[in-house]
Amino acid sequence: MITETITSSLSKALEDLGVSSSPTQINLEQPANKDHGDWSSNVALATAKTAGWVPRELAMKIAEMINSDLPSGVESVSVAGPGFINFAVSPEWLHHVLQVAIEQGTTEFGKTDIGHGKRVNVEFVSANPTGPLHAGHARGACYGDSIANILQAVGFDVQREFYVNDRGLQMSLFAESLLAFKSGSIVPENGYGGAYVEEWSREMPNGLSIQGALDWGCKYAIDDQRQTLEMIGIVFDSWFSERSMVDSGAIEKTMADLENNNASYLEDGATWLKSSDYGDDKDRVLVKSDGEFTYLTPDVAYHRDKFSRADWLINVWGADHHGYIARMEAAMEALGHEAEQLTVTITQLVKLVRSGEEVRLSKRHGDIIELREIVEEIGPDATRFMYLLQSVDTKQTFDLDLAASKVMDNPVFYVQMAHARIRSIQNKAETLGIWPSRSSDADLSLLEHERELEILRNLFNFSDIVQLSARELAPHKIAVWLRELATSVHGFYHDCYVVGETVPPELTSARLQLVEAARIGLVSGLDLLGVSAPDSM
RNA sequence: GCCCUCGUAGCUCAGGGGAUAGAGCAUUGGCCUCCGGAGCCAUGUGCGCAGGUUCGAAUCCUGCCGAGGGCGCCA
């Protein structure tokens, strides 16, 4: 790889000059300004001070040394600005990327093994089984599934998990609400009065007990949620039942262990977790004075169970659960787990906009926008791409009109269109009998056009982008990269014909390889986001 | 009051120590003999404010201002 060649030549020059440097100080980047070469290093700026050099003089010296014995593939070295060392490189390194992409194909391109098979459990959505999924669940759903994809791509052993809160006060209220609608009586205070409850109650069998209604409603809700998730291609490996831990005694076991670790105490008739000993603002109740568990207690037991099955836990929670992080981390520490074994990602709220007006997500019954409605309105691909296009750290404004539109406003169409155009080229080549062809037939050195090189530069970066988005749990970096690749494909399409009377056959062969590599890049990136790559739009 | 996230172009957002801060939309103006014009190209007085660290800050630190969320023996 060209970057390794450059890094080692820099490190050798530094060594010869007696400048000590750690490998992390030798950074390479691709300058935004093409006048600054293909690759650039700031190592002279980073090391000059401690080594007693003037940065620019150190850079000049290094450049001189490397220039006197240029590594293969490097055409020239120069110094610019305060002491950047800039490398001009022959395009072979980019042609190499093309071959890699085609050899690896969509199943391998961009994949690495930095995870070393470490088991990671990604828990997301985990909506209460008391109703359909709504718009508020969508961001966490798309995000969680995509980071699971990305972590898999970099070599983690990933489990997707949905925690089902199938017991407790909310479930009882839900069951009572179903029964109330069924019998035509008044829905209990703090119960569920939404229109869907009435609809569901009509399908519920007559004569059920509270427990019977609870069981029926829970199953109905889970089935509904599962179907909605499948509409956007999300399939969980496991649906973990909270109630199962009551039956198994896991909750009592956790309570006992907390007590043994001196992490809980009795006061005012309740059992408290000493979470303030572990960084939380205050202690938290585990068992209420009425003998019921709080929400926290089974959840702590649940996290222990996850730790018995995974080395690293990721929780995707909505912004309204932010205050809950400290107490869960405290509980895990009290039970002997390391802080870095649990990562909680908070997704900020999404504001839905339609026709320029905010769509209110009120809890008042009837006003809830179901996720199913959104998917039916704009389609699964637009749903996923739009939610994943920006960082979950920021509040998102999601324009339903824009997502539903089939014009340029819509980024998902822009990216998918790039793929469709490539397929269109390939179809044409196929009818002429020149595709598929063997890559060894093509002379890749013919690929010199700036448009061609731009595509290749993007493809070169893919693996790094995947690793970065895994490290930062940031799928939007993939989405942004896809848009850039699509831009370069559209530009290429416009300026460079692949198949045509004016194009020499050798160039056609080389460009057919190029568009196939670009196609592999598009499909690979879209796969990580769970978005399809259609042959035609 | 305390905690978390965020303030970047008219709008929606990237960029999270490097060189002249980017993209899409919108605006204005150009491009179709030929693989899909659902496209391409050009067009910008913008990093909330003030200090600090650094050779270098949109980026890191502190304070302030603003937006959202959280601070229950709710989930």
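All figures in this text were calculated on a predicted structure; none of them were measured in a lab.
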Open item on the list: What contact category does A/His321 fall into here, base, sugar-phosphate, or nothing, at under 4.0 angstrom with non-hydrogen atoms?
Closed with: base
Task: Distance between P atoms of B/C60 and B/C73 (Å, rounded) - done: 35 Å
- [ ] Remember a base hit wins even if backbone is also touched, and classify A/Asp281 as base, sugar-phosphate or nothing at under 4.0 Å, heavy atoms.
- [x] nothing
Open item on the list: Pick the closest RNA chain B nucleotide for A/Asn165 and for A/Lys351 by heavy atoms, then say which residue is nearer the 5' end.
Closed with: A/Lys351
Task: Among B/C35, B/G15, B/C73, the nucleotide that comes nearest once only the side chain of A/His476 is considered - done: B/G15
Open item on the list: Is there a side-chain contact between A/Tyr414 and the phosphate of B/C25, meaning an N or O under 4.0 Å from OP1 or OP2?
Closed with: no
Open item on the list: Can you identify which nucleotide, out of B/G69, B/A14, B/C40, has its nearest atom closest to the A/Gln390 side chain?
Closed with: B/A14
Task: Watson-Crick or G-U counterpart of B/A50, or none if no pair lies under 3.5 Å - done: B/U62
TODO: Measure from CG on A/Asn458 to P on B/A23 and round the result to the nearest Å.
DONE: 14 Å
- [ ] Return the stacking result for B/A19 and A/His36: yes when the ring centres lie under 5.5 Å apart and the planes under 30°, no otherwise.
- [x] yes
Open item on the list: Does A/Glu259, at its CD atom, have more than 12 non-hydrogen atoms belonging to other residues, nucleotides or ligands within less than 6.0 Å?
Closed with: no
TODO: Nearest whole angstrom, please: distance from the P of B/C4 to the CH2 of A/Trp317.
DONE: 16 Å
Task: Base of B/A19 paired with side chain of A/Asn86 (donor-acceptor, under 3.5 Å) - done: yes
Task: Of the listed nucleotides B/U20, B/A75, B/C73, the one nearest the side chain of A/Ser289 - done: B/C73
TODO: Mind checking the OG1-NE2 spacing from A/Thr347 to A/His137? Nearest 0.5 Å is all I need.
DONE: 10.0 Å
Open item on the list: Using whole Å, what does the distance between atom P of nucleotide B/A75 and atom OH of A/Tyr192 come to?
Closed with: 10 Å
TODO: Could you check A/Glu472 against A/Leu169 and say which one's nearest nucleotide on RNA chain B is further toward the 5' end?
DONE: A/Glu472
TODO: Give A/Ala80 one of three labels, base, sugar-phosphate or nothing, depending on what nucleic acid heavy atoms sit under 4.0 Å from its own.
DONE: base
Task: NZ (A/Lys274) with more than 12 external heavy atoms under 6.0 Å - done: yes
Open item on the list: Using the side-chain heavy atoms of A/His322, tell me which of these nucleotides is nearest: B/A75, B/C4, B/C73.
Closed with: B/C4
Open item on the list: Is there a salt bridge (charged side-chain N to carboxylate O under 4.0 Å, His left out) between A/Arg519 and A/Glu516? Walk through the geometry before answering.
Closed with: CA-CA 5 Å; A/Arg519 194 190 67 80; A/Glu516 173 62 6; 2.9 Å; yes
TODO: Kindly say whether, by distance alone, the side chain of A/Asp393 makes a donor-acceptor pair under 3.5 Å with the base of B/U5?
DONE: no
Task: Separation of the P atoms in B/C49 and B/G44, to the nearest angstrom - done: 22 Å
TODO: Classify the glycosidic conformation of B/C34 as syn or anti, calling it syn when the angle lies within 90° of 0.
DONE: anti
Open item on the list: Please give the distance between the C1' atoms of B/U27 and B/U5 as a whole number of Å.
Closed with: 33 Å
- [ ] Could you grab the distance from atom OH of A/Tyr278 to atom CE of A/Met328, nearest 0.5 Å is fine?
- [x] 15.0 Å
Open item on the list: Would the base of B/G70 count as contacting A/Asp320 through its side chain, where contact means a donor and an acceptor less than 3.5 Å apart?
Closed with: no
Task: Side-chain (A/His419) to main-chain (A/Leu522) donor-acceptor, under 3.5 angstrom - done: no
- [ ] Please evaluate the base of B/C73 for a donor-acceptor partner in the side chain of A/Thr294 within a cut-off of under 3.5 Å?
- [x] no
- [ ] Under 4.0 Å between any heavy atoms, over every strand shown, what does A/Ile346 touch: base, sugar-phosphate, or nothing? Just pick one.
- [x] nothing
Task: B/C40 base stacked by A/Tyr493 (centroids within less than 5.5 Å, tilt under 30°) - done: no
TODO: Kindly indicate whether the side chain of A/Leu178, heavy atoms from C-beta on, has any atom under 4.5 Å from the side chain of A/Tyr220.
DONE: no
TODO: Test the A/Arg421-A/Tyr493 pair against the cation-pi criterion, namely NZ or CZ under 6.0 angstrom from the six-membered ring centroid and within 45° of the ring axis.
DONE: yes
Task: Under-4.0 Å side-chain N/O to phosphate OP1/OP2 contact, A/Lys395 with B/G7 - done: no
Open item on the list: Just to be sure I understand the rule, does A/Val480 reach a base, reach only the sugar-phosphate, or reach nothing, if contact means heavy atoms closer than 4.0 Å?
Closed with: sugar-phosphate
Task: Watson-Crick or G-U wobble partner of B/C2, both distances under 3.5 Å - done: B/G70
TODO: Would you mind classifying the nucleic acid contact of A/Asn190 as base, sugar-phosphate or nothing, using non-hydrogen atoms under 4.0 angstrom?
DONE: nothing
- [ ] With heavy atoms under 4.0 Å as the rule, sort A/Gln426 into base, sugar-phosphate or nothing.
- [x] nothing
- [ ] Measure from the side-chain N and O atoms of A/Ser177 to the backbone N and O of A/Tyr192, and report whether any donor-acceptor pair falls under 3.5 Å.
- [x] yes
Task: Candidates B/C55, B/A75, B/C73 - which lies nearest the side chain of A/Lys49 - done: B/C55
Task: Among B/U20, B/G18, B/C74, the one nearest A/Pro82 by side-chain distance - done: B/G18
Task: side-chain N/O A/Arg451 vs B/C41 OP1/OP2, d < 4.0 Å - done: yes
TODO: Report yes or no: is the ring centroid of A/Tyr497 under 5.5 Å from the six-membered base ring centroid of B/C35, with the two planes under 30 degrees?
DONE: yes
Task: Side-chain donor/acceptor contact of A/Ser40 with base of B/A19 under 3.5 Å - done: yes
Open item on the list: In whole Å, measure the gap between the C1' atoms of B/C4 and B/C47 for me.
Closed with: 22 Å
Task: Whole-Å P distance, B/U43 and B/A23 - done: 10 Å
Open item on the list: If the cut-off is 4.0 Å, is A/Thr397 near the phosphate of B/C13, judged by side-chain N/O to OP1 or OP2?
Closed with: yes
Open item on the list: Both distances below 3.5 Å, Watson-Crick or wobble geometry, any strand: find the nucleotide opposite B/G29.
Closed with: B/C41
- [ ] Could you tell me whether the phosphate oxygens of B/G15, OP1 or OP2, come under 4.0 Å of any side-chain nitrogen or oxygen in A/Lys477?
- [x] yes
Open item on the list: Please pick, from B/C74, B/C73, B/C35, the nucleotide with the shortest atom-to-atom distance to any side-chain atom of A/Val499.
Closed with: B/C35
Task: B/C34 - base-pair partner by Watson-Crick or wobble geometry, distances under 3.5 Å - done: none
Task: A/His494 side-chain N/O to B/C35 phosphate OP1/OP2 under 4.0 Å - done: no
Open item on the list: Side-chain N or O of A/Arg423 versus OP1/OP2 of B/C35: is the shortest distance under 4.0 Å?
Closed with: no
TODO: Report the base-pairing partner of B/G18 (Watson-Crick or G-U wobble, both distances below 3.5 angstrom), or none.
DONE: B/C55
Task: Near-parallel close stack of A/Phe84 and B/A19 base (under 5.5 Å, under 30°) - done: yes
Task: Side-chain donor-acceptor contact under 3.5 Å, A/Arg451 with A/His494 - done: no
Task: Base-pairing assignment for B/G24 (Watson-Crick or G-U wobble, both under 3.5 Å) - done: B/C11
